[in-house]
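Data first, discussion second: the structure below is written as structure tokens.
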Amino acid sequence: MTRMRTLKLMGTKDYQGAKKAYTIMCVLSFVLVAITNIPLYVWQDDIGALVSNDVLVQGWLNKIIWVLILHAQTRICSINGGAIYVAVERGTIKVVQNIVGFYIIASPLAGVVALTNLITDDIATKMMCCVGATAVAQGIIGIWAFLDMAYKQDWEEGSRIITERANNDRILAQSSCGGSVIEGQRSPMMVASSPKMNMILTTSSLQQHQRLSGSPLRSVSSSR
């Protein structure tokens with residue numbers, strides 16, 4: 001929803017409105033996830049009993065339930081942070097953020113804590129670190145992306161890119177359906193049509209006539 005609303009406004013060149021809508025939707029998404037996490041924290045004992053009838057499993061789940069809440073909150077931040085990167089042709093930075101967050105920071109951290117006793121030898125702490133490593137990466141990605149969108153994203157240029165792409169897709173779609181006229185002008189594909197293209201279209205029409213009537217078809221090239 002954050003992406004769709006923002007891109008719709010950017011497609012109409014309302015980049016100021018798109019920036020405000022993006023901010024509002026990110027805040028509302030964060031609040032909505034927080035509201036849904038309240039029952040997870042309040043009734044964590046009941047949820048543990050629902051998940052398993054093993055008392056030990058319930059106990060271990062209760063110890064890491066707060067990490068799952070943190071995971072959900074950072075997840076929505078990382079998703080919204082890079083929601084429009086690809087659309088505004090900045091997909092490379094999204095890949096860099098994922099590599100830094102997950103493979104350079106979170107994975108080594110989880111590996112050191114879980115596979116060695118350098119930091120702790122407590123099993124519960126190791127479990128929380130393994131589960132929370134994803135939250136660490138998502139938190140880093142979310143903060144990085146939001147700062148980038150606030151200070152480096154050129155909303156006007158992004159609106160121009162999205163508007164041009166939307167218009168090009170519309171022109172191609174209408175041209176493929178017969179080259180309809182757009183705003184009183186012929187589409188670029190129809191203006192660029194050549195005698196060779198007309199010959200291809202004529203051949204296609206003759207082939208269709210042959211299938212319907214069963215009459216022999218002579219190639220257009222041989223009749224010229």
Side-chain angles (χ1 to χ4, degrees), residues 1-36 70-107 134-194 196-198 200-201:
M1 187 62 183
T2 301
R3 180 188 294 112
M4 295 302 297
R5 178 60 179 169
T6 304
L7 294 182
K8 181 178 180 180
L9 291 173
M10 294 179 75
T12 61
K13 296 185 178 180
D14 184 9
Y15 59 92
Q16 292 293 347
K19 187 175 182 179
K20 292 179 181 178
Y22 173 80
T23 304
I24 293 172
M25 295 301 295
C26 288
V27 172
L28 291 178
S29 299
F30 184 86
V31 172
L32 179 61
V33 174
I35 292 174
T36 58
L70 185 62
H71 170 85
Q73 293 296 145
T74 56
R75 177 62 176 166
I76 191 63
C77 292
S78 64
I79 291 174
N80 281 335
I84 65 171
Y85 273 147
V86 176
V88 297
E89 298 180 354
R90 298 186 65 207
T92 302
I93 191 173
K94 188 172 184 179
V95 176
V96 173
Q97 289 172 353
N98 286 331
I99 292 175
V100 172
F102 285 98
Y103 297 102
I104 296 181
I105 297 177
S107 294
T134 302
V136 171
Q138 291 173 165
I140 293 172
I141 293 172
I143 294 172
W144 184 353
F146 283 137
L147 290 175
D148 179 78
M149 295 300 293
Y151 296 106
K152 290 188 177 181
Q153 173 61 41
D154 189 339
W155 290 87
E156 185 175 2
E157 175 64 16
S159 298
R160 184 193 64 79
I161 293 173
I162 293 173
T163 301
E164 288 183 355
R165 180 177 298 174
N167 289 335
N168 287 338
D169 291 344
R170 182 177 61 180
I171 289 172
L172 292 174
Q174 294 189 0
S175 298
S176 64
C177 294
S180 58
V181 177
I182 302 175
E183 296 178 356
Q185 299 179 354
R186 295 178 64 84
S187 65
M189 289 189 67
M190 292 304 296
V191 173
S193 61
S194 62
K196 182 178 180 180
M197 179 62 70
N198 291 334
I200 294 174
L201 295 175

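As the structure is a prediction and not an experimental result, all values here were calculated from the model.
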- Query: Any idea which heavy atoms bring Ala72 and Val33 closest together, and the distance?
  - Reply: O-CG1, 3.8 Å
- Task: Output the distance between atom CG (Leu70) and atom CD (Gln73), rounded to the nearest 0.5 Å.
- Result: 8.0 Å
- Item | Nearest non-hydrogen partners of Cys26 and Thr2, listed with the distance | SG-CG2, 4.2 Å
- Message: Quick one about Gln138 and Ser78 (side-chain donor to acceptor, distance below 3.5 Å, no hydrogens or angles considered), yes or no?
- Response: no
- Message: Nearest 0.5 angstrom please: Met4 CE to Met25 CE, how far?
- Response: 11.5 Å
- Message: If you define the side chain from C-beta out and look only at heavy atoms, does anything of Ile24 sit under 4.5 Å from Arg5?
- Response: no
- Item | Pairs involving residues 70-99, ordered by first then second residue, that meet ring pair (Phe, Tyr, Trp, His ring centres under 6.0 Å) (sequence neighbours left out) | none
- Message: Let me confirm one number: the CG-CZ distance from Asn80 to Arg75, rounded to the nearest 0.5 Å.
- Response: 10.5 Å
- Item | Over all atoms of both residues, closest heavy-atom pair of Ile84 and Met149 | CD1-CE, 3.4 Å
- Task: Determine yes or no for a side-chain-to-main-chain donor-acceptor pair under 3.5 angstrom, with Glu156 supplying the side chain and Tyr15 the backbone.
- Result: no
- How about Val88 and Trp155: do any of their side-chain heavy atoms sit closer than 4.5 Å? no
- Query: Taking all non-hydrogen atoms of both residues, which atom of Ile141 and which atom of Gly101 are closest, and how far apart?
  - Reply: CG1-CA, 4.4 Å
- Output yes when a side-chain donor or acceptor of Tyr22 lies under 3.5 Å from a complementary backbone atom of Gly81, and no otherwise. yes
- Task: Nearest 0.5 Å please: distance from the OG1 atom of Thr74 over to the CD1 atom of Ile79.
- Result: 9.5 Å
- Short side-chain to backbone donor-acceptor contact, Ser107 and Phe102, under 3.5 Å: yes
- Query: What closest approach, in Å, do Leu7 and Ala87 show between heavy atoms, and which atom pair accounts for it?
  - Reply: CD2-CB, 3.6 Å
- Message: Please enumerate all residues that pass salt bridge (charged side-chain N to carboxylate O under 4.0 Å, His left out) together with Arg90, with sequence neighbours excluded.
- Response: Asp148
- Item | CA sep, side-chain torsions, deciding dist, call: Ile93, Lys152, side chain to side chain contact (heavy atoms under 4.5 Å, CB included) | CA-CA 12 Å; Ile93 191 173; Lys152 290 188 177 181; over 6 Å; no
- Task: Determine, for Arg160 against Glu164, whether the closest basic-nitrogen to carboxylate-oxygen distance falls under 4.0 angstrom.
- Result: yes
- Message: To the nearest 0.5 Å, what is the distance between CD1 on Ile99 and CD1 on Ile105?
- Response: 12.5 Å
- Which heavy atom in Leu9 sits nearest to a heavy atom in Gly17, and how many Å separate them? CD1-O, 3.4 Å
- Message: According to salt bridge (charged side-chain N to carboxylate O under 4.0 Å, His left out), does anything in residues 13-26 pair up with another residue at least two apart or in another chain? List the pairs.
- Response: none
